[in-house]
Q: 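Quick one: structure below, then a few questions.
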Amino acid sequence: MPDIHSRTLGHRERLRALLTNPRYLMVYATIGIFLLIYLFGALLYGSKGFTSVRTFMLFFSDNAYIGISAVGMTLVLITGGIDLSVAAVASLTGMIIAYGTTVLGLHPLVCILIALLAGVGLGALMGACIQYLNVPPFITTLTGMFFARGVTSLISRESISIKHSMIDALAGFKIYLTWPNAQGEWVKIKPVASIDLNTIAFLVVIVIGAIILQRTRFGRNVYAIGGNEQSASLMGLPVARTKVLVYSFNGLCSVLAGIAYVLYVKSGWNLSLQGAELDVISACVIGGVMLSGGVGYMFGTLFGVLLKATIPAIITFNGAMNSWWAKIFTSVLLLLFIMIQRAVIASSQRTRRK
Amino acid sequence: AITIGFSQIGQESDWRTANTDSVLAAVEAAGWEMVYSDAQQKQENQVQALRNFISQGVDYILFTGVVSTGWDEVLKEVNEAEIPLILLDRMPEQSTLDAIDYAAAFGGDFVEEGRRMAYWTANYVEKIGKADEELNVVILEGTTGADAATGRQEGIMEVLANYPNLKVIASQTGNFTRAEGQAVMESFLKAHDKIDILLAHNDDMALGAIESIKAAGKDPGEDIIIVGCDAPKTAFDAIIAGDMNATIECTPLYGPFVVAALEKLIAGEAMDKTLIHPEEGAFDAEGGIVYSADGRVTEKAADKIGERLY
Amino acid sequence: MSDIILEMRGMEISFPGVKALDQVDFTLRRGEVHALLGENGAGKSTLIKVLTGVHRPDAGTMLLSGQPIRPGSTQEAQKMGISTVYQEVNLCHNLTVAENIFIGRQPMKRGRIDWKTINRRARELMLRMGMDIDVTQPLSAYSIAIQQMASIARAVDINAQVLILDEPTSSLDDNEVVNLFAVMRELKAQGLGIIFITHFLDQVFAVSDRLTVLRNGRLVGEYEAGAISKLELVTNMVGKDMNVIYNLQKAPRPDEAPVVLEASGIGIPGKVEDISLNIRKGELLGFAGLLGSGRTETAEMLFGVVPVHQGSISIGEEPLSLRAPLDAIRRGMAFCPEDRKRDGIIGDLSIRENIALAVQATRGFMHPLPQKEQQELAQRFIKLLSIATPDADKKVGELSGGNQQKVILARWMATNPDLLILDEPTRGIDIGAKAEIQRLMLEMCKEGRSVIFISSELDEIIRCANRIIVMRDLAKAAEVDGDTCTQADILAIIANEGEGEEAAV
Amino acid sequence: MKKAIASGNFLRSKLFWAIVAELLILLVGFILRPDFLSIQLRTLSDGTTVLFGTPVDILNRASEITIIAMGMTLVIALGGTDISVGALVAVSGAIALKFLRWDVLVYNTPGDYTVQPFYLVILLPLLACTLMGLFNGALIGKLKIQPIIATLILMVGGRGIAQIVTDGKQFTTQYTPFKFIGNGSILGLPLPIIITLVVVLGVMLFVRRTSFGMFVESVGINPNASRVSGLKSGTIILIAYVLTGFLSGISGLIYASRISSNDSNNAGLGYEMDAILAVVIGGTSMTGGKFSLTGTVVGSLIIRTITTLVLYFGVVSEAIMAFKALIIAVVIVLQSEPVRNAISRRRDRIRTQMGGEARA
Ligand SMILES: Nc1ncnc2c1ncn2[C@@H]1O[C@H](COP(=O)(O)OP(=O)(O)OP(=O)(O)O)[C@@H](O)[C@H]1O
Ligand SMILES: Nc1ncnc2c1ncn2[C@@H]1O[C@H](COP(=O)(O)OP(=O)(O)OP(=O)(O)O)[C@@H](O)[C@H]1O
Ligand SMILES: [Mg+2]
Ligand SMILES: [Mg+2]
């Protein structure tokens, strides 16, 4: 038997292997396009402040709720499923917190607890329905979305703002970015840039998601189910438990996204986050997750979210696009992204053959 | 040059388009630079836009919020950046208004519009001599949860409470659209044999409902009294054709207000924080019917259609 | 008594229209290899699936180490110590080979998956099976044979009392089989009970201690391996005397006939390179080689399944550019692929539709084959290939593995091709049907059609082929005369890595 | 079909349970208020006689979704989805009104309109939607882009295009031939119902009389094997999306005609979800494969019946969503595989028991 240990790779080699691994290609493509678009924005609107630290930080903070939700969604999509209820659940979370604190006078933490129960419970229920009743995820979660939206409307048809010192404190938490001025004092950079709680939460959840996917059995089972559910089951993997857990976890992420959204706008409203589920899904897909299941990385999702975030930023910096041009511009960029992605992958396949 | 950031809700209706056009045209005419951002009905887009305006360092910000709540943080950021803020059309809720600084505010009043719809109806019913009859009212509501819908409904119900003969037998959302107004009315007509009055939260739904009423073999405007809200040209057409009875105005034309306010601000004059409501009328076929508690009377639609811009 | 691990009594199960198992008894002892034999559709796989909780039996009792069991899922069965390799490879293509072997039981380090150990141990395992491959590549990068080995490696590595191998050798070549048997003997010595299903009788006698024969869902009998002759066994399985297989008549070598297809220097960089070959009208060209030697790739290039990057193919005098299989089909070619689950069956469609598919594809959807003709076509092939099914409207996915293979063969024979490429067509097919297929191939040659026949069984190739191309290391190693060469010659070419000389034709 | 019923497969099929669900919902409506199902003949002011009643409304208002869902069935059977259909409905209406009322600015009162040659008013929207379907189909079938993302492009961009076509305005027309499409009736039957019937029959014939249906199923079940067997999956996918685009165009004309206007913001809003829901309730699997057009029609009727029920019985606006979700949940649970199997197994058991007794 040949010596296997002699094949252990050095750090440099491992890095090279990582960089040339075709499985990460979609992720690289996404990062590449992100940089490209960023450059594009910088050239056009650099003078208006597109390249400022503040703008960059806003990519994170303004999209934190999308990003947090995308983490759960990535898992769901990798199993080959889909969850259309995420935005509705996040909206419901906002409403529960708002109604609870403002109308019922409960402590926000109690409301968050209730929201967690509701969100994770709905997720588990949908997961069970998908697994045990064999109802397609699309339909199950579409119904879940109607249901969550419906309950939100039932709680209150008016938007309710949240006035609570804890929420205020959390929403107001900011680490200002500073740099040393000529005198060597640390001053806020201009325009003011800061890291808020949502940004931190977003990044933390992404990292947790990545660890779950790459370093736990649960995460690997997620991939296996997406690769071939029947095989996964015949290999003796806990398919049912994994799937129910994935949807529950996604429910959890939706609630977290809802909390992030609450910190963002401090109110609950039954019309909030309409259609955001598609933003979440498309962010994942742009990040390289395959809807057919089995393929995707958290890191890709992170850049998918950032990439999607650049579109509205560019539109706002442009400052002369009305709704309909904005829509067309968005879709043209979307088309551009996926075409470049396609091209990168096709060409790499060709070079790989050589 | 002076740069003005305008965070608009979206382009969800003709009304909104007219609103945007009015402001954009006025600002352009005044020779200022405009950074316009369309939120496509999403609060989060508006927050992003406002924060972006700050990054870009605009001089003034015009703002219409898609919803009344949830603006505290971002408007405080605007205050911190010391950019004067002008509120348009839809106002943030009172507690927000109290908590932030803004230079001027112009806006409509949805609750008042609802009240006016009901007042007009009650007075019209009296005029045609049906004040003592039991009359069945159906309501086509706007999108559940939208400020305009909740406000108008509140106003309608508040006033109708004083008229026990006007009984609301059905109230259902038509999502502010013609098609749904039509479908919902169709069902009302199947489920209820006697419908006398239709109050629609906007004219589009009323226009849709008219088709259904015709399809059911009834005469809109005659068999069923129809009152809408917004007062675009199409509603005038319908009133003149006798298909609709009245519409309560909700004007989108804020351009002149904005320019006047900006000119004052640029000149260094301060404005106070009082909310200024634009003058708004109501229109029907004949004119002369009282439509508000303070005794305003309607104008004849046919006389005014020529002046309508949208 | 104590050496009996597993006992199944009076097992019964029926599917719509079929009684798949009828009063079947089965006993497995500790430290034995117990072969389970029977024709296609006899119920072997079904018996296994009942045992591992895929199907629930209608009646019968199962005892594992004396305890009654009733596994409700494969997971439960696995927990009870039953480890299984199913007939169709059931792994995940998106995961690496190593991960496929270890998923669900990964070694952990500080609460996290220890990838290093996984990759190391997977490599060890694969080496033990005689496979020197990069286990960090996704499974989809490898041929079905390697996939099969990986799934065996997985099953073997699980600590089990019972190991079930459902046709594990169907796409392995002799070397791999030898390796597998070594592993099986090792496990046997450790006291495992192994259930071994195969259609290769030589393998049965080589490794098993005891055999059980099923026919039409019923138990025929249990025998000691030493106490029954091959002929007896075949008779028991098929229920009638089998002599066809020993007197097949090879078609005459059509040396004068025109060349129907010629390929010169075709290849795909990194996969197979520089393959030149030709085939004459009425000729049967065999392809021999070890697994992974590039036979499937070559066949796929000839049929347009994968694009050819270099070289050229011509039919008759005309050069041929193949963009998709349809182009090849239109030129009178047919290709029965190796991996029937991936490239062959349309599981949810009926047998009739599956058979008519390729014919219909050439006609285009605007010119549908009338229902009646489809039905006739299906009936003809069901009879010709003796496909075990109640009627032509049964879903193909519900057929036994061997019968699925026959349906695919039927699909291609139905197109009435001039050149038929068969990649391991006898995979998983019982001995009777195998003889039948060989007879059909030879008959087609006599009718003036040409056949390319890829197989891992050398004797099968030598028995049928006029000319044999031997592949080695993703290239053509030699071309030998089918009439004169022997197994030893071919093995010598395969083994002789240094020499690359072409044997005279 | 007869054979299927005979073998008891039909009772196990999703289609059967979809029909049961539809009948149950109607029954509930009937029990709550018997006139829910009443149909009468009414004479309108212009002298025409029409069928009048909730069942007619259900059929009539289900038209838009049913027509789109015919195409969607094929798309889903191929393992895809098309979420751009709603936007295409808007585009269709916008183009129709644009050409119906070319010079909008002279418009003053109802009835004062300019009409292009009327066939253009019909053909151009259909052509535009077909082209957009082609765009979707090319991305998905030829470039192999994931369907949701590929069609997301037009879902977002389509409405933008619709708005640009009409310069963001909502035009109104009183041109009778155009209004007839959505509001007219022939022999008392609303025209949308007749159009739907024609479309449904047309698609069914196309799919089952040719081998297209079989090809779709084949590609949906196993694309690899289909390719090896000589199918051009790309072309088949392309055709399915083109068809869906075309059908969305028809649906859009009906929508625009009903309201005599274009409404780029709201026309077809949420149709994609309804159409997909209809297809899936009708028994076609989201993962592709076997499909049932009849099932889709039933699915579409179920969805419309639920909506009508909500409106008819005056469920409060706030509760509509939750109420609908509950009914749909009940329907999909009822017709989910395990529940169906459990019910039919129970029936089998009862039958075998009875059979056993009879034999004994
Ligand atoms: N899921 C199913 N639905 C319907 N019939 C089935 C199903 N699975 C198996 N059968 C039928 O049961 C019978 C036994 O099949 P099984 O797969 O056990 O055969 P086998 O002995 O393994 O054959 P092979 O050697 O071809 O693999 C066949 O007639 C088959 O058609
Ligand atoms: N032992 C191996 N080591 C590395 N790669 C292999 C090995 N065997 C097969 N492969 C890969 O699998 C691909 C498929 O080989 P192919 O299927 O054409 O071989 P084959 O001669 O048909 O063998 P078989 O069908 O018996 O597996 C080859 O291109 C090669 O990349
Ligand atoms: Mg078998
Ligand atoms: Mg091969």
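Heavy atoms only: backbone and side chains are in, while hydrogens, waters and symmetry mates are out. All values derive from a computational prediction rather than experimental measurement. Protein chains get the first letters and strands the later ones, always in sequence-line order, with residue 1 at the start of each.
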Q: Quick check: are there more than 12 heavy atoms from other residues, nucleotides or ligands sitting under 6.0 Å from OH of B/Tyr254?
A: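 Above 12, so yes.
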Q: Would you say CD of B/Glu28 has more than 12 non-hydrogen atoms from neighbouring residues, nucleotides or ligands within 6.0 angstrom?
A: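 Atom CD in B/Glu28 is not crowded, with 12 or fewer foreign heavy atoms closer than 6.0 Å.
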Q: If every non-hydrogen atom of B/Ala146 is compared with every non-hydrogen atom of A/Leu271, which pair is closest and at what distance?
A: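 The answer is N-CD1, 3.9 Å.
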Q: Taking side chain as everything from C-beta outward and backbone as N, CA, C, O, which of these in A/Phe317 sits under 4.5 Å from a heavy atom of chain B? Side chain, backbone, both or neither.
A: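 Both parts, heavy atoms under 4.5 Å.
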Q: Could you tell me if the side chain of A/Trp269 sits less than 4.5 Å from the side chain of B/Val66, heavy atoms only?
A: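 Yes; the side chains approach each other to less than 4.5 Å.
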Q: What I'd like to find out is whether the side chain of A/Trp324 reaches to under 4.5 Å of the side chain of B/Thr17, using heavy atoms alone.
A: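 In contact.
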Q: Is A/Leu273 close to chain B through its backbone or its side chain, or both, or neither, when contacts mean heavy atoms under 4.5 Å?
A: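 Both backbone and side chain.
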Q: Just so I understand: if I count every heavy-atom pair under 4.5 Å between each of B/Val67, B/Val35, B/Leu24 and chain A, which residue has the most?
A: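 Winner by heavy-atom pair count: B/Val67.
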Q: Is the closest side-chain heavy-atom distance between A/Gln274 and B/Gln43 below 4.5 Å?
A: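 The answer is no, as the side chains (C-beta and beyond) never meet within the 4.5 Å cut-off.
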Q: Do the side chain of A/Asn270 and the main chain of B/Thr144 share a donor and acceptor less than 3.5 angstrom apart?
A: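 Pair found, side chain donor or acceptor close to backbone of B/Thr144.
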Q: Could you check which of B/Glu73, B/Arg51, B/Glu77 has the highest count of heavy-atom pairs closer than 4.5 Å to chain A?
A: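 The candidate making the most pairs under 4.5 Å is B/Arg51.
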Q: Decide if atom CH2 of B/Trp32 counts as having more than 12 heavy atoms of other residues, nucleotides or ligands within a radius under 6.0 Å.
A: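 Correct, the count exceeds 12.
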Q: Quick check for you: among A/Thr152, A/Leu263, A/Ile160, which has the greatest number of heavy-atom pairs under 4.5 Å with chain B?
A: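 So the answer, after comparing A/Thr152, A/Leu263, A/Ile160, is A/Ile160.
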Q: Less than 3.5 Å apart, any donor N or O on the side chain of A/Tyr261 or B/Glu44 sitting next to an acceptor on the other?
A: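 There is such a pair (donor and acceptor under 3.5 Å, judged by atom type) between the side chains of A/Tyr261 and B/Glu44.
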Q: I want to check something: taking the side chain as every heavy atom from C-beta on, are A/Glu158 and B/Asp147 in contact at a cut-off of under 4.5 Å?
A: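 A/Glu158 vs B/Asp147: side chains apart.
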Q: Which heavy atom of A/Tyr176 sits nearest to which heavy atom of B/Glu80, and what is that distance?
A: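 It is OH-OE1, 4.2 Å.
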Q: Taking all non-hydrogen atoms of both residues, which atom of B/Gln56 and which atom of A/Thr316 are closest, and how far apart?
A: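 Residues B/Gln56 and A/Thr316, closest heavy atoms: NE2-O, 3.3 Å.
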Q: With a 4.5 angstrom heavy-atom cut-off, which part of B/Gln46 approaches chain A: side chain, backbone, both or neither?
A: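 For B/Gln46, there is no contact with chain A at all, as no heavy atom is under 4.5 Å.
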Q: Any side-chain heavy atom of B/Gln48 within less than 4.5 Å of one from A/Phe59?
A: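 Result no, sub-4.5 Å side-chain heavy-atom pair not found.
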Q: Specify the closest pair of heavy atoms between A/Ser267 and B/Gly70, including all atoms of both residues, with the distance to one decimal.
A: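 What the structure gives for the nearest pair is OG-CA, 3.6 Å.
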Q: Are any non-hydrogen side-chain atoms of A/Asp279 and B/Lys42 less than 4.5 angstrom apart?
A: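 Result yes, sub-4.5 Å side-chain heavy-atom pair found.
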Q: With a 4.5 angstrom heavy-atom cut-off, which part of A/Asn63 approaches chain B: side chain, backbone, both or neither?
A: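 For A/Asn63, the contact with chain B is made by the side chain alone.
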Q: Where does B/Ser68 contact chain A at under 4.5 Å (heavy atoms): side chain, backbone, both or neither?
A: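 Both parts, backbone and side chain.
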Q: Is it the side chain or the backbone of A/Lys327 that comes within 4.5 Å of chain B heavy atoms, both, or neither?
A: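 For A/Lys327, the contact with chain B is made by backbone and side chain together.
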Q: Tell me yes or no: between the side chains of B/Ser55 and A/Arg54, is some donor less than 3.5 Å from an acceptor?
A: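 Side-chain D/A pair, B/Ser55 to A/Arg54: present.
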Q: For B/Phe53, is it the side chain, the backbone, both, or neither that has a heavy atom closer than 4.5 Å to a heavy atom of chain A?
A: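 Contact with chain A: side chain only.
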Q: Assess, by modelled atom type and distance only, whether the side chains of A/Ser161 and B/Thr69 contain a donor and an acceptor separated by less than 3.5 Å.
A: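 No, B/Thr69 and A/Ser161 have no side-chain donor paired with an acceptor closer than 3.5 Å.
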Q: Calculate, to the nearest 0.5 Å, the distance between atoms CD1 and OG1 belonging to B/Ile54 and A/Thr55 respectively.
A: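 It is 11.0 Å, given to the nearest 0.5 Å.
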